[in-house]
Engineer: 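What follows is a structure written as structure tokens; I'll ask about it next.
Order of the sequence lines sets the chain letters (A, B, ...), proteins ahead of strands, with each chain counted from 1. Keep in mind that what you see is a predicted model, and the values were worked out from it rather than measured.
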Amino acid sequence: MPDIKTQLKDALTDALKTLKVENAEIIIQEVPDGKPGDYGSPIAFVLAKSLRKNPALIAQEIVAALKNPAGIARAEVVGPYINFHVDTASFVQSVITSDTSLPAQNKKVVLEHTSVNPNKEAHVGHLRNIVLGDACARILRAAGHEVEVQNYIDDTGRQAAESIYAMSYFAAEYDGRQKYDHWLGELYVKLSEAKETDAEKIEQGVSEVMHRLERGELRNNVADVLRSQLDSYYELGVEYDLLVWESDVVNSGFLRRGLDILEKSPYVSRPTEGKYAGALIMDVSEFIPGLEEPNIVLVRSDGNAMYVAKDIGYQFWKAGLFEGLSFASFDTQPSGKVLYSSSPAGSEHSNGKTFAHGQEIINVIDVRQSHPQTIVRTALALSGTPEGKEAFENSHHLAYEVVTLEGQAMSGRKGITLSIDEVIAEATRRAKAIVEEKNPTLQEIDEVAHQVGVGALRFGMLKSEAKRIIDFRWEQALSLQGDSAPYVQYAHARACSILRAAQAEGLSDAAADWAKLGPLEVKLAQLISKLPEVITTAARDLAPHQIAQYALDLATAWNSYYNHKDKYGRPDTQVLKAEPGLREARLALVKSIKQTLATSLSLLGIAAPEEM
RNA sequence: GCGCCCGUAGCUCAGCCGGAUAGAGCGUUCGCCUCCGGAGCGAAAGGCCACAGGUUCGAAUCCUGUCGGGCGCACCA
């Protein structure tokens, strides 16, 4: 059955036919507090001009011609608005019992996030990328898409080389006392300092390591760091489908293949004179207006490819313009899901899997990469292939703003940095202190503290728009009250507690008498019924904050309902102490609220403990 | 210089493909456990929605301009 808003839209469309109005765009909205009705439409305003009539009069005529859909008790004219009153019993019952999962979209989305250099521990700037990408993947899946999450491993870059070289330069031996990526990160920093006195030797050593990396020789060294980093991501509840190693991308000729495609494009040329003589350049002026210099160098005149050309090759592969990587399993993740990896020793379809071929491609990369990302996307449009054009339309750069630390830009050199591991540990510690205080008899305190602490962290990264700068401050990031994950988790636990008590009493919602419910319950049901709509728009806009805001709204509404008092100041919304029939109906509503809160949190990758 | 993003309560932010009195949290003040979990609830105070024009029956929301702030614009990676 279509949701209530769609039904109302259809009913209005029918009614408008009697007024000889077609194709009007009908808006259905929730009625603000204090006005009569539950859903309303300002449609009469829109028609006032073309019908040359007073909107209030039009509203009356529409209502006269209107046949209310099931679940709507009556329509009322409120000035120029048409407001609908739902039939409490049937509305709440249908909201609670209907299946809210969204239909499959038959569309494969390739989503890249994380892509942290494998040479030191990840910091809170990366945290935002990881959490944002992970939440988007979850939301897209809920919206019915098939999602393949890729994590790009830049194992041939200078940073990886410096860290690996630092081990031999300092003859350092890992003793297991700290997390491996932290240990290596320290050597990396130390090496940067040593450059001041021993630049030549270091430069030579690093360069040698870079060459070995390109040949894929030191892959195990990189994998050591990577596994250590992955441990942190797993702790955040983040998992991947595929690791794509840059050395594999390079060695499988993606660069050559990408350039082969581009060289056929009329926008790509190799000038024989002028300042670009001998280089391969791409003219993007038609797609990126306002550039001072519309020519992008893909291959330098000395024959070396620019980094962006590598990225273009990778992007082409994501879109399925060519094949050429082989894969093997790399790890079993905490949930039991296998993590695959590109691998020279693997096969093209490891376990029968087909990677890439995304009909939609999403790159989660910070806003400072907007320019190169636009170039990468534009290259798809210039590829001249139908798939490329299609992929151009369906490529998105999810550009998020940076994270600053107490107002300062992060900088490894200046020591202004904060690792994910440190933040997780501190968040969990603070959460544990509160849990111990509030609920000392709780069984799995450590697990719950972790869920609450990590939840608070993730929520803080997700609750506002991606294009907003986040200034990381401990008190805000780890706040356990107010607009936070623990607030929502608490609302959830509170619902669980009622459900537990009900179960102990052997109550079942089969005996629900829906007609005994009132307007307070209708408000809650309205909110519950909104989730699919929220998921759809959050997926469309790649905007997890919409889910976060929704979760807060629902938790607030539920807390408010829970504490509601009649005019004598007595609680009038109790569940278990309500009369039979009403009691079971409210119980069913609470179950639905609990479920909806848990679903919302899970879309953000946040756990919903039953007790806390 | 050009391009992108931001400007809403003291602070941090929702609301933005136009609709009904602009909403939260933090902070401040005052109430609420004889009641299923007080990590909660209720209330007060706090807004020329940066500014100026325009479009519209209607603008925080759309358009133009101005002013503030951030970021980006290499034959680097």
Engineer: Is Arg212(A) paired with Glu208(A) through a side-chain N to carboxylate O contact shorter than 4.0 Å?
Structural biologist: no
Engineer: Just checking Arg430(A): base, sugar-phosphate only, or nothing, at a heavy-atom cut-off of under 4.0 Å?
Structural biologist: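 Answer is nothing: Arg430(A) stays at 4.0 Å or more from every strand.
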Engineer: Got Tyr165(A) and Glu162(A) here, is their nearest side-chain heavy-atom distance under 4.5 Å?
Structural biologist: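 Side-chain contact under 4.5 Å: no.
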Engineer: Under a 3.5 Å distance rule, please check whether Lys516(A) uses its side chain to pair with a backbone N or O of Ala585(A) as donor and acceptor.
Structural biologist: no
Engineer: Counting only side-chain nitrogens and oxygens, does Lys49(A) get under 4.0 Å of the OP1 or OP2 atom of C57(B)?
Structural biologist: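 Checking Lys49(A) against C57(B): at least one side-chain N or O falls below 4.0 Å of OP1 or OP2.
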Engineer: For a quick check of understanding: with a heavy-atom distance under 4.0 Å over all strands, which category does Val590(A) fall into, base, sugar-phosphate or nothing?
Structural biologist: nothing
Engineer: Phosphate oxygens OP1/OP2 of C13(B): is one of them under 4.0 Å from a side-chain N or O of Ser464(A)?
Structural biologist: no
Engineer: Tell me whether Arg494(A) forms a cation-pi arrangement with Tyr562(A), defined as NZ or CZ under 6.0 Å from the six-membered ring centre and within 45 degrees of its axis.
Structural biologist: yes
Engineer: How does RNA chain B look in dot-bracket notation if pairs are Watson-Crick or G-U with both distances under 3.5 Å, crossing ones as [ ], other-strand ones as |?
Structural biologist: (((((((..((((.....[...)))).(((((.......))))).....(((((..]....))))))))))))....
Engineer: Between A9(B) and A24(B), how far is it from one P atom to the other, in whole Å?
Structural biologist: 15 Å
Engineer: If the glycosidic angle is within 90 degrees of 0 it's syn, otherwise anti, so just tell me which one C33(B) is.
Structural biologist: syn
Engineer: Could you tell me how far A59(B) sits from A44(B) if I compare only their C1' atoms? Round to whole Å.
Structural biologist: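 30 Å, rounded to whole Å.
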Engineer: Phosphate oxygens OP1/OP2 of A39(B): is one of them under 4.0 Å from a side-chain N or O of Tyr490(A)?
Structural biologist: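 Answer yes for this pair, as a side-chain N or O of Tyr490(A) is under 4.0 Å from OP1 or OP2.
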Engineer: Just to confirm, is there a sub-4.0 Å distance from OP1 or OP2 of G37(B) to any side-chain nitrogen or oxygen of Arg500(A)?
Structural biologist: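 No, no such contact exists.
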Engineer: What distance, rounded to whole Å, do you find between the two C1' atoms, one in G40(B) and one in C36(B)?
Structural biologist: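 The same atom, C1', in both gives a distance of 14 Å.
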Engineer: Going by heavy atoms in the side chains, are Glu246(A) and Asp155(A) under 4.5 Å from each other?
Structural biologist: yes
Engineer: Look at all strands and tell whether Glu293(A) reaches a base, only sugar-phosphate, or nothing, counting heavy atoms closer than 4.0 Å.
Structural biologist: nothing
Engineer: Determine the interatomic distance between C1' on U28(B) and the same-named atom on G69(B); round to the nearest Å.
Structural biologist: 29 Å
Engineer: Using the P atom as the reference point in each nucleotide, state the distance between C63(B) and G3(B) in Å, no decimals.
Structural biologist: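 One P to the other, the span is 16 Å.
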Engineer: Mapping Val367(A) and Ala501(A) to their closest nucleotides on RNA chain B, which lands nearer the 5' end?
Structural biologist: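 It is Ala501(A), whose closest nucleotide lies nearer the 5' terminus.
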Engineer: Hey, is the side chain of Lys467(A) poking within less than 4.0 Å of OP1 or OP2 on C6(B), counting only N and O atoms?
Structural biologist: yes
Engineer: Which atom names give the shortest non-hydrogen contact between Gly460(A) and Ile470(A), and what distance separates them?
Structural biologist: O-CD1, 4.0 Å
Engineer: Taking atom P in both G46(B) and C62(B), what distance in whole Å separates the two?
Structural biologist: 29 Å
Engineer: Base, sugar-phosphate, or nothing for Asn83(A), non-hydrogen atoms under 4.0 angstrom?
Structural biologist: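 Base, at least one base heavy atom under 4.0 Å.
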Engineer: Looking only at non-hydrogen atoms, find the nearest pair between Ala59(A) and Gly79(A) and report the distance.
Structural biologist: CB-O, 4.3 Å
Engineer: Ignoring backbone atoms, test whether His545(A) places a side-chain nitrogen or oxygen under 4.0 Å from the OP1 or OP2 oxygen of G15(B).
Structural biologist: yes
Engineer: Does A77(B) have its OP1 or OP2 closer than 4.0 Å to a side-chain nitrogen or oxygen of Arg300(A)?
Structural biologist: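 Answer yes for this pair, as a side-chain N or O of Arg300(A) is under 4.0 Å from OP1 or OP2.
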Engineer: Have a look at Asp33(A) and say if it touches a base, only the backbone sugar-phosphate, or nothing, with a 4.0 Å heavy-atom cut-off.
Structural biologist: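 Result for Asp33(A) = base.
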Engineer: Just call it for Met306(A): base, sugar-phosphate, or nothing, with non-hydrogen atoms closer than 4.0 Å on any strand.
Structural biologist: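 Contact class for Met306(A): sugar-phosphate only.
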Engineer: When you measure from the side-chain N and O atoms of Ser560(A) to the phosphate of G42(B), is any distance below 4.0 Å, counting only OP1 and OP2?
Structural biologist: yes
Engineer: Which is true for Gln549(A) with a 4.0 Å heavy-atom rule: it touches a base, it touches only sugar-phosphate, or it touches nothing?
Structural biologist: sugar-phosphate
Engineer: Measuring to OP1 and OP2 of G70(B), would you say a side-chain N or O of Arg368(A) lies under 4.0 angstrom away?
Structural biologist: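 No, Arg368(A) has no side-chain N/O under 4.0 Å of OP1/OP2 on G70(B).
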Engineer: So Glu292(A), base contact, sugar-phosphate only, or nothing? Heavy-atom distance under 4.0 Å.
Structural biologist: base
Engineer: What integer number of Å spans the P atoms of U64(B) and C73(B)?
Structural biologist: 25 Å
Engineer: Nearest to the Leu576(A) side chain among G19(B), C36(B), A20(B), which nucleotide is it?
Structural biologist: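 In terms of side-chain proximity for Leu576(A), the closest of G19(B), C36(B), A20(B) is C36(B).
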Engineer: Going by an N to O cut-off under 4.0 Å, is there a salt bridge joining Arg586(A) and Glu579(A)?
Structural biologist: no
Engineer: Is there aromatic stacking of Tyr562(A) against G40(B), centre distance under 5.5 Å, plane angle under 30°?
Structural biologist: no
Engineer: What I'd like to find out is whether the side chain of Arg468(A) reaches to under 4.5 Å of the side chain of His545(A), using heavy atoms alone.
Structural biologist: no
Engineer: If I pick the P atom on C51(B) and the same atom on G7(B), what distance separates them, to the nearest angstrom?
Structural biologist: 13 Å
Engineer: On the nucleotide C41(B), are OP1 or OP2 found under 4.0 Å from the side-chain N or O atoms that Tyr487(A) carries?
Structural biologist: yes
Engineer: Does G7(B) have OP1 or OP2 under 4.0 Å away from a side-chain N or O of Arg468(A)?
Structural biologist: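 Answer yes for this pair, as a side-chain N or O of Arg468(A) is under 4.0 Å from OP1 or OP2.
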